[in-house]
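In what follows, every chain begins at residue 1, and chains take the letters A, B, ... in the order their sequences are listed.
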Amino acid sequence: MNYTALAEMLFPHIDKTPEDYEALYPKRQLPPEAKVTRLGPSPTGFIHLGNLYGAFVDERLAHQSGGTFFLRIEDTDEKREVEGAVEAIISSLEYFGLRFDEGVTIHGETGSYGPYYQRRREAIYQCYAKHLVEKGLAYPCFCTEEEIQAIRGQQEKKGENPGYYGHFAKCRELKSDAVRRNLEGGKPFVLRFRSTGDPARNFQIIDGIRGHLSMPENFQDVVLLKQNGIPTYHFAHVIDDYLMRTTHVVRGEEWLSSLPIHVALFDALELPLPIYCHTTVLMKMEGENKRKLSKRKDPELSLSYYRSQGYHPKAVREYLLTILNSNYEEWRLANPDSPMEDFGFTTEKMSSSGTLFDLDKLNDVSKEVLVRMPDEELYDFLFVWTQEYRRELGPLFTDNKNMLLRILAMDRHGEKPRKDLVYCEQIFDFISYFFDDYFKVEDSYPAEVAQGDIKPILEAYIKGYDHSDDASQWFSKIRTLSTDMGYAAKPKDYKKNPELYKGHVGHVSTVIRIALMGRASSPDLWEIQQIMGETRAMTRINKAIASL
RNA sequence: GUCCCGUUGGUCAAGUGGUCAAGACGUCGCCCUCUCACGGCGGAAUCAGGGGUUCGACUCCCCUACGGGAUACCA
């Protein structure tokens with residue numbers, strides 16, 4: 001068989017050679033330790049936390065080493081394409097702080113290693129395909145779907161490995177004439193890899209995350225180019241990541257089992273291997289067992305969900321970092337004020353077993369992040385969020401900016417700051433009682449206070465109220481009020497001798513608290529009144545009295 | 001079915017032959033306290049099971065179980 005002639009027959013329109021592309025996409029001029037990584041999503045538009053988790057590894061690796069992080073759209077399967085998906089992907093990732101240096105952007109493509117849409121790289125793939133045919137390492141396969149099915153059926157019956165390989169690969173040794181006839185007859189074909197691998201032999205490889213791996217060689221004559229001339233993932237990955245000079249291929253562990261294919265292809269093309277980093281997938285608890293995050297089943301784990309709830313991107317990033325690198329939390333404890341970019345992220349510290357998504361932990365991390373955030377910044381963040389997700393709150397935010405700043409500052413700047421704030425939706429709920437339109441009575445008066453005492457307490461409170469009292473003056477009045485009404489001035493007194501009192505000062509102030517904000521629990525009462533202003537505070541109490 | 005990867009408390013996890021098996025979240029109790037938080041102190045809770053190797057195994061090897069993934073002209 002004359003392979004050169006076959007190659008010409010198959011790809012007459014391809015006149016470039018691998019050397020041409022080699023020259024077109026030269027080695028990157030980067031310091032030796034710089035890493036080049038990429039994200040290669042297919043344009044289905046949906047991104048969840050698991051995708052962000054993986055992308056984050058790429059981003060850290062590249063930017064931490066002074067390298068390049070680029071976006072390539074893997075659109076080789078037109079059936080799955082979703083309108084507007086690329087924009088959605090870019091904007092979600094950017095929101096969470098993942099910045100691409102190169103590749104596909106909202107406005108077009110940037111960088112000199114493009115095109116970055118795989119569909120636009122057809123000629124490149126075909127050039128390398130032609131090259132493989134010339135070397136006798138690829139061949140056209142004219143088998144129909146039915147024929148492949150039949151082969152599989154046969155294999156299953158005999159208990160042999162399913163697939164197209166060895167003597168099952170009918171088209172492998174097709175004579176030149178037969179190929180020509182098929183071609184002239186317009187018969188569609190796929191281009192297959194002529195595997196020389198032996199599954200009984202293992203090869204060794206070092207994975208950036210998992211370390212030493214030993215896997216059987218690929219023996220399948222996998223499809224390189226589909227009937228439409230577009231490559232499969234396997235072939236596109238090899239060509240693209242070589243020509244784009246990717247140094248680290250970070251991808252989910254679901255790719256581990258096709259690693260032998262990729263290694264065989266790099267080998268056949270005599271190209272150097274990148275460093276593979278196979279991440280674990282993020283899991284979710286379903287009933288008794290763990291499950292991989294899925295697009296269909298877990299809409300609450302989509303990035304847009306966290307965004308709409310108003311989680312701060314920093315919080316999400318920080319959470320991801322804690323599950324990504326086991327030593328991050330320790331580092332954070334030792335460096336509470338350093339930007340997270342200062343942390344030395346390594347793939348070696350990544351776990352290789354499936355990680356369960358933990359909302360409690362995210363919330364905790366978020367509290368720590370928000371408590372360090374200046375009030376102005378927090379206000380701005382909330383405001384931008386309302387513009388996008390709670391438009392009706394917009395005027396409230398602009399009209400009450402000063403008050404909101406005071407509310408957000410409440411008890412957040414001392415030695416032991418409160419950590420009440422988690423995400424926008426929750427924050428608004430937490431402070432909503434300040435605004436009459438959102439004020440509602442949620443809790444009931446404490447059981448320790450007799451129904452008949454409530455009104456007198458509130459009336460006495462109003463009577464003695466002086467807005468200019470400082471915190472301690474104010475509280476000593478509450479104490480007096482309590483004693484006058486038969487309640488202990490200190491909870492301890494009540495606990496020691498419960499028979500002497502109706503209740504204690506805590507119960508009395510809860511009555512006031514409920515009248516004032518409709519809740520039995522809140523930050524410091526005095527401070528809240530100062531922020532609310534005298535008029536609003538007194539109106540609330542009067543209303544509470546009236547409703548009794 | 002076959003192949004690959006994995007398995008330390010409820011969760012995330014340190015750990016690479018000798019530790020009373022870190023730490024964080026969560027949970028429980030106590031303290032602080034006008035409520036709730038915050039903070040402090042303390043508790044419960046882990047090496048999947050079975051065989052080896054070794055003076056000694058969470059750590060190395062084998063088997064089993066369980067979980068996950070792959071098995072496409074999808075990525």
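- B:U19 makes up no base pair with any nucleotide shown, lacking Watson-Crick or G-U wobble contacts both under 3.5 Å.
- A:Thr355 has a side-chain polar atom (N or O) that falls below the 4.0 Å cut-off from OP1 or OP2 of B:A13.
- Atom P of nucleotide B:U35 and atom CD of A:Glu448 are separated by 12 Å, given to the nearest angstrom.
- In this structure, A:Glu122 atom CD and B:C73 atom P are separated by 19 Å, rounded to whole Å.
- Surrounding CD of A:Gln204 are more than 12 heavy atoms belonging to other residues, nucleotides or ligands, all under 6.0 Å away.
- Side-chain atoms of A:Ser509 and base atoms of B:C34 include a donor and an acceptor less than 3.5 Å apart.
- Contact annotation: A:Lys367 does not reach the phosphate of B:A37 (side-chain N/O to OP1 or OP2, under 4.0 Å).
- In this structure, A:Ser509 OG and A:Tyr461 OH are separated by 9.5 Å, a value rounded to the nearest 0.5 Å.
- Checked by atom type and distance alone, the side chain of A:Ser482 never pairs as donor or acceptor with a backbone atom of A:Ala488 at under 3.5 Å.
- Of the side-chain N and O atoms in A:Lys361, none sit less than 4.0 angstrom from OP1 or OP2 of B:A13.
- Within the 4.0 angstrom heavy-atom criterion, only backbone atoms of the sugar-phosphate kind lie near A:Pro491; the bases stay farther away.
- B:G1 and B:U71 make up a base pair, with Watson-Crick or G-U wobble contacts both under 3.5 Å.
- Per the geometry, CE belonging to A:Met410 stands 12 Å off C1' belonging to B:C36, to the nearest Å.
- With hydrogens and angles ignored, a donor-acceptor pair under 3.5 angstrom links the side chain of A:Asp524 to the base of B:C34.
- Of the candidates B:A70, B:C74, B:A37, the closest approach to any side-chain atom of A:Thr232 belongs to B:C74.
- Contacts of A:Val505 with the nucleic acid, taken as non-hydrogen atoms under 4.0 Å apart, involve only primed sugar atoms and P, OP1 or OP2.
- At the phosphate of B:U33, neither OP1 nor OP2 sits under 4.0 Å from any side-chain N or O atom of A:Lys490.
- Residues passing the side chain to side chain contact (heavy atoms under 4.5 Å, CB included) test with A:Ala55, sequence neighbours excluded: A:Leu39, A:Leu93, A:Leu98.
- Under 4.0 angstrom from either OP1 or OP2 of B:C36 there lies no side-chain N or O belonging to A:Arg418.
- Using N1 to N3 plus N6-O4 or O6-N4 for Watson-Crick, or N1-O2 and O6-N3 for G-U wobble, each under 3.5 Å, B:C30 pairs with B:G40.
- In this view, A:Pro374 and A:Glu377 satisfy the side chain to side chain contact (heavy atoms under 4.5 Å, CB included) rule, not counting sequence neighbours.
- A:Arg519 comes within contact range of no nucleotide atom at all, as no heavy-atom separation falls under 4.0 Å.
- Nucleotide B:U71 holds its C1' atom 12 Å from the OH atom of A:Tyr165, rounded to whole Å.
- Between B:U71 and B:A57, the two P atoms lie 42 Å apart (nearest whole Å).
- The interatomic distance linking A:Asp75 (CG) with B:C74 (C1') rounds to 13 Å, in whole Å.
- Using Watson-Crick or G-U wobble geometry with both donor-acceptor distances under 3.5 Å, B:A65 finds its partner in B:U7.
- Counting any heavy atom pair closer than 4.0 Å across all strands shown, A:Ser482 reaches no nucleic acid atom.
- Taking atom CD of A:Glu368 as the reference point, atom P of B:A37 lies 16 Å away to the nearest angstrom.
- Between the base of B:C73 and the side chain of A:Gln227 there is a donor-acceptor pair shorter than 3.5 Å.
- Judged by distance alone, with hydrogens and angles left aside, the side-chain atoms of A:Ser366 form no donor-acceptor pair with the main-chain N or O of A:Asn363 at under 3.5 Å.
- Within the 4.0 angstrom heavy-atom criterion, only backbone atoms of the sugar-phosphate kind lie near A:Lys492; the bases stay farther away.
- To the nearest angstrom, P of B:A72 lies 10 Å from CD of A:Gln155.
- Residue A:Ser214 is in sugar-phosphate contact alone, with no base atom involved, counting any heavy-atom pair closer than 4.0 Å across all strands shown.
- With hydrogens and angles ignored, the 3.5 Å screen pairs no side-chain donor or acceptor of A:Lys367 with any backbone N or O of A:Asp420.
- Both A:Gln118 and A:Asn161 lie close to RNA chain B; mapped to their nearest nucleotides by heavy-atom distance, the more 5′-ward contact belongs to A:Asn161.
- Considering only side-chain N and O atoms, A:Lys349 lies under 4.0 angstrom from the phosphate OP1 or OP2 of B:G15.
- Considering only side-chain atoms of A:Lys226, the nucleotide from B:A75, B:C4, B:C38 that sits closest is B:A75.
- B:G18 and B:G51: their P atoms are spaced 23 Å apart (whole Å).
- Within 4.0 Å (heavy atoms only), A:Ile478 reaches no atom of the nucleic acid at all.
- Using a 4.0 Å heavy-atom distance criterion, A:Arg332 is classed as making no nucleic acid contact.
- Remark: side-chain polar atoms of A:Asp207 are paired, donor with acceptor, to backbone N or O of A:His278 under 3.5 angstrom.
- Sequence order on RNA chain B of the closest nucleotides to A:Glu330 and A:Leu525 puts A:Glu330 first from the 5' end.
- Summarising the geometry, the separation between CD on A:Gln426 and P on B:A37 is reported as 13 Å, rounded to the nearest angstrom.
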